[in-house]
Each structure stands twice: as C-alpha cells, then as structure tokens.
Amino acid sequence: MADRAQPIGPGGAFGVAVAAAIPFVILVTTGAILWVAEPGEGLGGADLAALRFTLWQALLSALISVSLAVPVARALARQVFWGRNLLVTLLGAPFLLPVIVAIFGLLAVFGRGGVLNAALTGLGLEPVSIYGLHGVVLAHVFFNLPLATRLILQGWQDIPSERFRLAATLGMDARAVNRHLEHPMLRQVVPSATLVIFVLCTTSFAVALTLGGGPKATTVELAIYQAVRFEFDLSRAAMLSLVQLMITVVVALLALRLVRQAGFRPGIDRQRRRWDGGTGIIRAQDGVVLTGVTVFLLLPITLVLLRGVAEIPGLPGVVWASALRSLGVALCSTILVVVMSVAMSVAATRLGRFSRWVETAGLMAVAASPLVLGTGLFVLVHPIIDPGRLALPVTALVNALVTLPFALRAILPACKTIEDDFGRLATSLNLTGWARLRLLVLPRLRRPIWFSAGLAAALSMGDLGVIALFADPDGATLPLQVYRLMGAYRMDDAAGASVLLLLLSFTLFWVFDRRARDVEP
Amino acid sequence: MLNLDDIGFARNGFRLTADFQVPGPGITAVIGPSGGGKSTLLSLIAGFETPDAGRILVNNQDITADPPGDRPVAILFQDNNLFPHLDVLANVALGESPRVRPTPATLARSKDALSRVGLEGAEHRHPRDLSGGQQSRAALARILLTDRPVVLMDEAFSALGPALRTDMLELVKTLLPNATILMVTHDPEDAKRIADHVIFVDGGTVEAPVETDDFFANPHDALARYLT
C-alpha cells in the first residue's frame, strides 16, 4: 500500500533512536575491543584449541539433541495419552530454567557423588566424570533436546491433517507414513533446528564455566572470561572477543535464513487423531522414548528441589542479598526490554518501508554475544571507574539486549496487525500521537507486552554471563552466588539457593504471563 | 457538496481519474467491478491517499492537503469499525474527542447518539458482546457524533444479511438527512433501493453521478456487462 506516511512523532523518533542505539552500542564495544587487541600477537595454540572446542562441542550438542528429538517428537505426534499436554509444556520450561540450577541438578544425577555413579560403583563399575567435553554436551542436550523436540513437533503439526487421513484410507502403515509424509517434513525441519541449537551452543557461557575448563574443554567465551578475570590480559580477551564475534556473525547470518518459522507458535499442544500409532510394538517403543525423556528432564530438577527446599529458611544473608540484587536487575531489564521493544515496534510500523532497518537493528542483538558486549564495556569503563561498581547496570542492559529479539518477535507483528486492522479508522478519527498510543496501541499490545515482560524477567533473573565478568566479591547476583557456593563445596546452601532461584524465575514469568492470559481478546 | 476536480492518481501501474461533483445531501451509490477503483476513490476522499493532480473540495473548501483526521469526512469500513478493547460508549465518544478524555457533555451526546440508533443500555458492553447489526449501529452512532458533512461507506454493511443490511441503510438515510453519503456496494439492489444517484467506476475511470432510475433504465455497454 502506498499509504500517506504517518508522521513519525516523538514516540516514533524515540523508537528510531533506540533502534540506532543498538548497532551503536555494538559498534562502540567492538571498537573498544579492536583498540585494545594487538593483532601482532595473533592467536596462540590455546586460543585455537578454544575455537576448535567451541565449534566441536556445539556440533556434537546440536547433532545429539536433534537425533534424540526426532523419536520424541514422533511419539508425541502420534500417541494420545494422559499428561501429553503437560509434557509439551514441560518441554518449554528449560528455556526459562536458570542454567546454573539445571547444572546443579545434572551434577546430582551424573556428578561424582550423584545417583548414577552411586549405582555404577554399587555394581562394581568405574565411576564416570561429568567434567569436560561430555559434561558440556550433556548439559547442552538437556537444554536443547526439548527445544529441538518442540521445533520438530511443530513440523509434524504443520503436515495437513488431510494427508494423514488420506494415508489412513490408503491403508499405510507406520513405515509408509514415515516415508511419504514424515521424511519430506524432517528434511526441511531438521537442518534448521540443528543450526539453531548450534548457534545457541556457541554462546552458552555458563555451561562451559561450570562443566568445562582446562586446556581440553575451554570455549572461546570461557577463555575471554579467564583472560579478563584471572590473567587481566585485556588484549588477549579482545582478540578472543573478535574470534567469538566472527563465529556469532557467521552463524547468525546462516541461521537468519532458516529460522523464520521457529518460535513459540501456538497450537502444538493440540492433539490430532492419527491412525498409524496403533500397533503394540509402536506404542511400546513410543512409551519407552517418552518415559526416558521425561525422566531425563525431571530427575535433575526433582533432585535439586528435594535437596534444596528444606535449606531455604537457613540460607545465609549473602544469598538473600544477592536474590534482592537479582530481582532489581531483572525488573530493570524487563522495563528496558518493554520500553525498547514497544518504541522500536511503533517506529517500525510508522516508518512503512523503512521498517526493515529497525527490525534489523533488533536482530543485531542476536548476533552480539553477551560476553563480547561485556568485554567491550569492561575495556571502555575500567580506566574510568571500577567495573565492579557497574556490574548490576551493565548486567541489566546486556540482559535486555539479549532478550530484545524475542520481545520484538512478539510485539512487532502485533503492532503491524493493529495498524492493518485499525490504522485507517484511528487516522480518520484524528487519533494520533500519544492518544493513539494510549487508546489504541498499548491496550491492544497488552498480551505480547506482558508475555515479553515475563520472558525478560525470567531470563534476566537466571542469567549467569556478564555478571561473572564484572562482579566484585560482594556484588553477586543470585545465579553467581549459587556458582560461588558450588565452587566452595557448600552444597547444602547451593541447593537451597538453587531452589530459591528456580522459584523466583518461574514466579516472575508466571506473574507476568498470567496478566497476558487475563487480557480478553 | 463534494467536488472532485480533475483528479489524477497513479500507483503501482494502476491509474485513476475522477472529475465530478455530488451536488447536495443524499446517498450516492458507487458500483463497478472489483479492482476498478472504488476503494481507491474512497481512500482519496478520506485522505489515506494523496492525488497526483487535481483538487478535492467539500462545500468549496479545498481539502486536498488536509490529513485524514482534519477532513470534514467520516468513514465506515467493512469491519473493524470499533476498537475491541473499548466499550461502546468510549468508542462512540472518540468521534468527538479522540485526544483527550471525553467530557460529561461529550458522554451525554454519545449516549444520545446511541439511543438514536437503538442501542440504549448497551453503553458499557464491549464490541465482542454485540451482534453484527448492533456493532454497525454503534459505529453509526459515532458517525452521528462526528457530525461531518461527508460520510463514506466502504461496503460498510456487507457482512450483514440482506434484510438487516436494508434496515441499516434505511437507518442511515433517516439519521443523516443532511450528509453527503458515498456508499460503495457490490449489490446493485442496494443502490436501487436506497441511493439517489449512482456512480459507475470501471478500469480506473470514475463516471459522473447519474440519477438512480436513469442509471438502471439506460445502462451503457460496460455497465450492462457488469449488471448481467
């Protein structure tokens, strides 16, 4: 449509400014890194090893997650059973689960004193160690198997139900359905799901921090952290940041083409009637798969809860103080995300054909590794002020930038729908500027806004990234505090703090998301 | 009086020309094949599109450069005429005070308009709780409140059944005796039943209005093809 352009107005101008600020922050931090990096030194052997390890563990994690997800998704797609919707919901939970809590749970199962090793030594077998490559991959599979399952399940749901009916009337068995309907779908969905998970695994700092380490299992981001924290070698940190930046940019560009359809589309908890899941062998096989994945996902968290709930009342004061700090960071970050994403969405809608620029600015935040942003900010501020004093504001800001793409994905399309449905009516009523925002846009955006707020709050609450880079001994957030307690082998306190963190993250999400659900259509 | 003075408009390979005037109050039906330019014509008058050439005048006032909200023109769309999150009263009151909170006087006039369209007592219901016909009535109440001399209806009641649509058109005619109404419709019967004049739009050419009886009594070739 060649509509008369809407005046951009102060609100829209603010949105454009926000959109412009994102590449600006990324450029300034990258500039700071380039300034400090000394390319003469080049990359050492340890740096190359870190690069290799980063790519290798991400590849393994992606391949294993997706190969395990295919049978799980298939079972969910063709079996009807009590608790199916609950299981699908459970598959969405790891996205909000604080990484450090999951790791504590995985240690309780697979760690030195964990359930698995207790069983192995009981049988007279050698205990296994969770640290190193397989630990990192295990944790990544724990987080990404559910995501992969949801993505692939979406593919199954997208096959029109008429085709399954046709297959049933033609008398196709499970194998024929597989060949004619499912394989073509999987060929489309699996590569993009693999790539998404590969991207996520190249930038997952907390897993590498807790389960990696040493010359054989250090990711680039972990090496950056160590260079800043332990060696205080900012030029090496800067070189590594450039390497990480290249990984994320290349992979993000690849991913952008493929990831359009991925996301939180509604409807995957809807069950459709299928006719090919009936035979006993197939039902048994699906039952084993689903039980296995449920145990794999629930056991670690259950163990954390069992161990930690009773410890909460006796938690030391530092833990409570860090919880308050985390709440503050999460709320600031949430407000930032909501203000930025609404302003950017409004600006994008008003700009008409220039809206792609605003959207691209939002997506740039995906490519920015939080730790690289953090390193850049660290380089910038440390000559002026002690970085420890800025730990919380920087964490809130970086968390907001990282969540922004998710919020934009919810808010921007909603904003465009509002304009399509009601834009002309509002314009003909002279409903412009602030009044348009107050009477039309904000009320109709309530649902995506509250949902984004829930996401932002939970993600920021559980984040263990830049804060590790910046925090001084008495400025920790709750996730960092859990990490420190684990490092000090104060496992009871760590368990209690983990449960507290878990409760806070999910409560924040629940409180906000419930408001989104309360909004009437 | 509505006057389109030598209007020329081109977008994406589509061209529209219009040069006509609607002399006074009454209903003028706009009919013609899909894609012929009916909606574009309304968009130009409402101000959603700007013509490349020519002037649009209402009561001899040039409104060509005015933004949509400042024009003496109200519009009813096919759907989405009400904001779903606001109650009926708030929706109607927007017709008078879109930028500030409605005053008690505005609210009183809004209630009055609602009772004139037969919706007394529905002030605090939301659009989703109203039937299609009631929603149309609420939108019409807002048009009454806006009190603008030109009213455009872009297939406004086409989602309603035939009997209900006829009722609504009669209501429009009764309640807006002084307005110049342009009504896009797909149903020539609507035009026969209610319109004083008819404008035929085909292939980007807007013909001058013709009296309804003449229009249907002596159709020219293109019109005859459209009507059969």
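Predicted model, so just to flag it, every value in this text is computed and none were measured. All values below were derived from every heavy atom in this structure, side-chain atoms included, with hydrogens, water molecules and symmetry-related copies excluded. Chain A is the first sequence line, chain B the second, and so forth, proteins listed ahead of strands; every chain is numbered from 1.
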Keeping to residues at least two apart or across chains, list the side chain to side chain donor-acceptor pair (under 3.5 Å) pairs with something in residues 107-117 of chain B. B/Glu96-B/Arg109
Start with the C-alpha distance between B/Arg137 and B/Asp167, add both sets of side-chain angles, then the distance that settles salt bridge (Lys or Arg N to Asp or Glu O under 4.0 Å), and finish with yes or no. CA-CA 11 Å; B/Arg137 283 166 190 269; B/Asp167 288 352; 5.5 Å; no
Among A/Leu425, A/Ile418, A/Leu431, single out the residue with the greatest number of heavy-atom pairs under 4.5 Å to chain B. A/Leu425
Any side-chain heavy-atom pair of B/Val151 and B/Met183 under 4.5 Å: no
Region of B/Asp79 in contact with chain A, defined by heavy-atom distances below 4.5 Å: neither
Which atoms of B/Leu82 are under 4.5 Å from chain A, going by heavy atoms: the side chain, the backbone, both sets, or neither? backbone
N/O donor-acceptor pairs under 3.5 Å from side chains in residues 339-348 of chain A, not counting sequence neighbours:
from	atom 1	to	atom 2	distance (Å)
A/Ser341	OG	A/Val337	O	2.6
A/Ser341	OG	A/Val338	O	3.3
A/Ser345	OG	A/Ser341	O	2.7

